[in-house]
Number of protein chains: 2
Amino acid sequence: MEKYSEILKKCPLFFKIENNNLIKMLTCFGAKIEAFDKKYTIFAEGSSAKYIGIVLSGSAQIIQIDYYGNRNILGTIEASQVFAEEFACTEASSLPISIVANEPCVVMLIDCQHILHTCTNNCEFHQQIIYNLMKDLALKSIDFHQKIDITSKRTTREKLLTYLIYRSKEEGTKSFDIPFNRQELADYLEVDRSGLSAEISKLRNERILESNKKHFVLL
Amino acid sequence: MEKYSEILKKCPLFFKIENNNLIKMLTCFGAKIEAFDKKYTIFAEGSSAKYIGIVLSGSAQIIQIDYYGNRNILGTIEASQVFAEEFACTEASSLPISIVANEPCVVMLIDCQHILHTCTNNCEFHQQIIYNLMKDLALKSIDFHQKIDITSKRTTREKLLTYLIYRSKEEGTKSFDIPFNRQELADYLEVDRSGLSAEISKLRNERILESNKKHFVLL
DNA sequence: ATAATTATGTTGAATTTTCAACAAAATGGA
DNA sequence: TCCATTTTGTTGAAAATTCAACATAATTAT
């Protein structure tokens, strides 16, 4: 566990928790660490929602596949970020989404019951964790607002540009990388891949952007 | 304020807080109560995000209007429900959404700073509020998951049916009312109103559903 | 290095949505 | 009650998306 203490320190869930207390608490929580291969389904839709996950290395995607086989990518989770917390916190019976390893990754799993219900020892850090979880959930909601703002646009072009402008603002530069390949970007934007490729070509011809694989430049 | 104690008691933010303590705390928070006419913009996009709102009577809608004038309805807020908490909690500088009165309504506004930063008296109820806020935010995220699940469908028909099935499950019956008129439903589903009307007619002809204004029956 | 696989871009046809315009029905106010 | 306004449903044309199929480029595995 010590191996990941630098990453854990950056995890929003453990903000203001000192390292030695953190290790103690994680032991008390019965936190376990597991490794997954690329493309492995870490949590499957419909499975138990009791665990909160934290990505320790690699990255994962939040996905949903509908009746027709359309995959919807709801977001990506990078190292030190938390996932499935909204379901664990509401004590939902099962997950409506899946979490899939985007590359080989290591995650920490914590049974959320230990976080929601103060243990008999009543650790003094518990309140801080609840506070951190609240902050984290607020940010999660804002991420969804962003996703909705992007996908509510009526055309592929507008969805793409809205997404790229968000990314550009986050990176603070007109030149940046995105965490998706074409198919993944299409699934995040909720559009057809070939139509997206065509639209990117058009925007390139119109000198609105430059792009090379995952790299984009807004002109 | 006492006038609304029954509604406040139902507010998820005040779960497990006793009435006399609640009144005391709201005074300490400097909570204020305001009334708004139908269609009045309670919070405008771009305005300060420091307040958490609670609907005491009537109902409101969370909306976003894009560059082209398309209105996106992100959700409705009924009496005793909380709004704008995700922005207040992250101490966001301004709101990316507007809150509009759906009918004449009364709301309570609380400066979130009082909730986030424990006052010098360190009220014993403070921790409970943070916990409640965390639960509330988790549910809010799940609402957005639902909205995304609905609007990520590729056709008007699928969006509508996915929405109606969610409503039906929530109500526990195949026969139920929705909180939207046609234009509002179209704006929630992120589709064209006339296309939605046409689709409802088709579904009626195919004996898949019955509908009369805001009332629907899934067959 | 080579073969196999995967990812990307392109195209045209079919489907669906959006848009605009209008008529009928329902609602609200004087 | 009657008039004005708003809401709803219908239609056809224009625009956009999806789908399928294929060629080429890039990546991965042997």
Side-chain angles (χ1 to χ4, degrees), chain A residues 37-39 61 65-73 100 102-104 150-163 177-206 208-216, chain B residues 37-39 61 65-73 100 102-104 150-163 177-206 208-216:
Chain A
D37 291 335
K38 180 173 178 169
K39 293 196 180 173
Q61 292 180 334
I65 294 178
D66 74 15
Y67 183 79
Y68 300 96
N70 289 313
R71 174 178 69 169
N72 184 4
I73 297 181
V100 176
N102 199 28
E103 48 188 313
I150 291 163
T151 57
S152 68
K153 298 293 186 294
R154 300 301 165 87
T155 63
T156 298
R157 167 178 289 231
E158 276 305 306
K159 288 180 198 192
L160 173 62
L161 286 175
T162 305
Y163 171 72
D177 288 328
I178 64 171
F180 300 128
N181 64 27
R182 286 290 176 276
Q183 183 64 63
E184 290 169 336
L185 180 57
D187 291 345
Y188 180 84
L189 299 179
E190 300 167 8
V191 299
D192 180 69
R193 181 198 58 79
S194 69
L196 172 62
S197 273
E199 201 60 51
I200 290 173
S201 297
K202 269 197 211 167
L203 287 164
R204 229 182 338 227
N205 287 335
E206 295 173 33
I208 291 171
L209 56 76
E210 286 169 7
S211 79
N212 186 269
K213 294 171 202 168
K214 294 184 172 185
H215 189 76
F216 284 81
Chain B
D37 292 334
K38 180 173 177 167
K39 292 193 180 175
Q61 292 180 332
I65 293 178
D66 74 15
Y67 184 78
Y68 301 96
N70 289 313
R71 175 178 66 168
N72 184 4
I73 298 181
V100 177
N102 198 29
E103 47 188 316
I150 291 163
T151 57
S152 68
K153 297 291 185 293
R154 301 299 166 87
T155 63
T156 299
R157 166 179 288 232
E158 277 304 306
K159 289 180 197 191
L160 174 62
L161 286 174
T162 305
Y163 171 71
D177 288 328
I178 65 170
F180 300 128
N181 64 26
R182 287 289 176 277
Q183 182 64 63
E184 290 170 335
L185 180 56
D187 291 344
Y188 179 83
L189 299 179
E190 301 168 5
V191 299
D192 179 69
R193 181 198 58 78
S194 69
L196 172 62
S197 274
E199 201 59 50
I200 289 173
S201 297
K202 270 196 212 168
L203 287 165
R204 230 182 338 227
N205 287 335
E206 295 174 32
I208 292 171
L209 55 76
E210 285 170 5
S211 79
N212 185 268
K213 293 168 200 167
K214 295 182 173 186
H215 189 76
F216 284 80

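Everything quoted here is computed from the prediction, not taken from an experiment. Letters go in sequence order (proteins before strands), and every chain restarts at 1.
Taking B/Phe216 as the reference, nothing meets the ring-ring contact (aromatic ring centres under 6.0 Å, His included) condition, with sequence neighbours excluded. Looking at residues two or more places apart in sequence or on another chain, you find no salt bridge (Lys or Arg N to Asp or Glu O under 4.0 Å) involving B/Arg193. Taking the side chain to side chain contact (heavy atoms under 4.5 Å, CB included) definition, one finds that A/Ile208 meets it with A/Arg157, A/Leu161, A/Leu203, A/Glu206, sequence neighbours left out. Contacts of B/Glu184 classified as salt bridge (Lys or Arg N to Asp or Glu O under 4.0 Å), with partners at least two apart in sequence or in another chain: none. With sequence neighbours excluded, the residues that form a side chain to side chain contact (heavy atoms under 4.5 Å, CB included) with B/Lys214 are B/Ile178, B/Asn181. Applying the side chain to side chain contact (heavy atoms under 4.5 Å, CB included) rule to B/Glu103 yields the partners B/Ser59; only residues at least two apart in sequence or on another chain are considered. Residues that satisfy the salt bridge (Lys or Arg N to Asp or Glu O under 4.0 Å) test with A/Glu190, not counting sequence neighbours, are A/Lys147.
Backbone-only contact: A/Ser201 has heavy atoms under 4.0 Å from sugar-phosphate atoms and none from a base.
Pairing each heavy atom of B/Ser152 with each of A/Asn72, the nearest pair is CB-ND2, 3.3 Å. Looking at every heavy atom in both residues, A/Asp192 comes nearest to B/Arg154 through N-NH1, 4.0 Å. Across every non-hydrogen atom of B/Leu189 and B/Lys159, the tightest pair is O-CD, 3.3 Å. Across all non-hydrogen atoms, the minimal contact from B/Ala186 to B/Leu196 is N-CD2, 3.5 Å.
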Could you list, one pair per line, each protein nitrogen or oxygen that sits under 3.5 Å from a nitrogen or oxygen of nucleotides 26-30 of chain C, together with the distance?
| unit_1 | atom_1 | unit_2 | atom_2 | d |
| --- | --- | --- | --- | --- |
| C/dT27 | OP1 | B/Lys213 | NZ | 3.4 |

Would you list the protein and nucleotides 15-17 of chain C atom pairs, both N or O, that sit under 3.5 Å from each other?
| unit_1 | atom_1 | unit_2 | atom_2 | d |
| --- | --- | --- | --- | --- |
| C/dT17 | OP1 | B/Thr156 | N | 2.3 |
| C/dT17 | OP1 | B/Thr156 | OG1 | 2.9 |

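Rounding to the nearest 0.5 angstrom, the gap separating the OH atom in A/Tyr163 from the OG1 atom in A/Thr151 is 13.0 Å.
Applying a 4.0 Å cut-off to non-hydrogen atoms, the residues of residues 181-188 of chain B that approach DNA chain D are B/Asn181, B/Arg182, B/Gln183, listed by residue number.
With a cutoff of under 4.0 Å to any heavy atom of chain A, the contacted region of DNA chain D is bounded 5' to 3' by D/dA16 to D/dT27.
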- Task: Take B/Phe180 and B/Asp187 through the test side-chain contact (heavy atoms from CB on, under 4.5 Å) and record every step on the way to the result.
- Result: CA-CA 9 Å; B/Phe180 300 128; B/Asp187 291 344; over 6 Å; no
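The separation between A/Lys214 atom NZ and C/dG9 atom C1' is 17 Å, rounded to whole Å. The interatomic distance linking A/Lys202 (NZ) with C/dT8 (C1') rounds to 17 Å, in whole Å.
For the residue pair B/Tyr68 / A/Glu158, a side-chain donor-acceptor distance below 3.5 Å is found, with atom types taken as modelled.
Position along DNA chain C of the nearest nucleotide to A/Arg193 versus B/Lys159 favours A/Arg193 as the more 5'-ward residue.
Each end of the helix from C/dA1-D/dT30 to C/dA30-D/dT1 yields a helix axis from five base pairs, and these two axes differ in direction by 60° (to the nearest 10 degrees).
When side chains are defined from C-beta on, A/Leu185 counts as touching A/Leu160, because their heavy atoms get closer than 4.5 Å.
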